[in-house]
Asks: 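This is the structure I have questions about; it appears just below.
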Amino acid sequence: MSGRNPYDILIRPVLTEKAVAQNEKENKLVFEVPLDANKIEIRKAVEEIFGVKVKEVRTLIVKPKPKRVGFGKPGFKKKWKKAIVKIESEKPINIAELI
């Protein structure tokens, strides 16, 4: 796995209402990952950390959103990569309990 620790690949879980609903209904986990991480690295990291079989990995880059910085100066939030991982498990993994 290119010499990286699996915990360096999965930066943090994304715990939004939509992500939790996907976890409960479709057994999908959502993570923030480094911009240079590929699907194979993400698959291996999830399988190693959670001990489950991964069925599918989808990635997307979240574009930076505008925000105000300081005294109304324009700025942007950071660009980040999101990974949606579908697992082959009958019951969903509760990420909130693992944190």
Asks: Answer yes if Val52 and Val20 sit in the same cluster of Ile, Leu, Val, Met, Phe, Trp and Tyr residues linked by side chain heavy atoms under 4.5 Å apart, and no otherwise.
Replies: no

Asks: To the nearest 0.5 angstrom, please state how far the CD atom of Glu56 sits from the CD1 atom of Ile87.
Replies: 12.5 Å

Asks: Would you mind reporting whether Pro34 and Asp8 have side-chain heavy atoms less than 4.5 Å apart?
Replies: no

Asks: Can you tell me how far apart NZ (Lys28) and CG (Asn23) are? Round to the nearest 0.5 Å.
Replies: 11.0 Å

Asks: Output, in order, the C-alpha distance, side-chain angles, deciding distance and verdict of salt bridge (Lys or Arg N to Asp or Glu O under 4.0 Å) for Glu88 and Lys55.
Replies: CA-CA 6 Å; Glu88 292 182 4; Lys55 188 184 257 185; 5.4 Å; no

Asks: Hey, what do you get for CD1 (Ile49) to CG (Asn5), rounding to the nearest 0.5 Å?
Replies: 7.5 Å

Asks: Given side chains that start at C-beta, do those of Val14 and Phe31 come closer than 4.5 Å, heavy atoms only?
Replies: no

Asks: Could you check whether Arg4 pairs with Glu41 (Lys NZ or Arg NE/NH1/NH2 to Asp/Glu carboxylate O, under 4.0 Å)?
Replies: yes

Asks: Ignoring hydrogens and angles, tell me if any N or O in the side chain of Asn27 forms a donor-acceptor pair with the backbone of Ser89 under 3.5 Å.
Replies: yes

Asks: How long is the gap from OG1 on Thr59 to CD1 on Ile84, to the nearest 0.5 Å?
Replies: 9.0 Å

Asks: Evaluate the criterion salt bridge (Lys or Arg N to Asp or Glu O under 4.0 Å) for residue pair Lys78 and Glu32; output intermediate values, then yes/no.
Replies: CA-CA 12 Å; Lys78 68 175 186 165; Glu32 178 181 348; 3.0 Å; yes

Asks: Between Val33 and Val57, is there a shared hydrophobic cluster once you connect ILVMFWY residues whose side-chain heavy atoms come closer than 4.5 Å?
Replies: yes

Asks: Is Arg68 close to Lys73 at the side-chain level, that is, under 4.5 Å between some pair of heavy atoms?
Replies: no

Asks: Identify the heavy atoms of Trp80 and Leu35 that sit nearest to each other, and give their distance.
Replies: C-CD2, 3.9 Å

Asks: Is it true that, when you exclude Arg58 itself, more than 12 heavy atoms of the residues, nucleotides or ligands shown sit nearer than 6.0 Å to its CZ?
Replies: no

Asks: Would Ile9 end up clustered with Val30 when hydrophobic side chains under 4.5 Å apart are linked, directly or stepwise?
Replies: no

Asks: Kindly compute the distance separating CD (Gln22) from OG1 (Thr16), expressed to the nearest 0.5 Å.
Replies: 7.5 Å

Asks: Could you pull out the closest heavy-atom pair between Arg43 and Val54, with the gap in Å?
Replies: NH1-O, 3.0 Å

Asks: Please tell me if the side chains of Val62 and Lys81 come closer than 4.5 Å, counting only heavy atoms from C-beta onward.
Replies: no

Asks: Hydrophobic clustering (ILVMFWY, side-chain heavy atoms < 4.5 Å, transitive) - are Tyr7 and Val85 grouped together?
Replies: yes

Asks: Between Ile93 and Leu15, is there shared hydrophobic-cluster membership here, with clusters defined by ILVMFWY side-chain heavy atoms closer than 4.5 Å?
Replies: yes

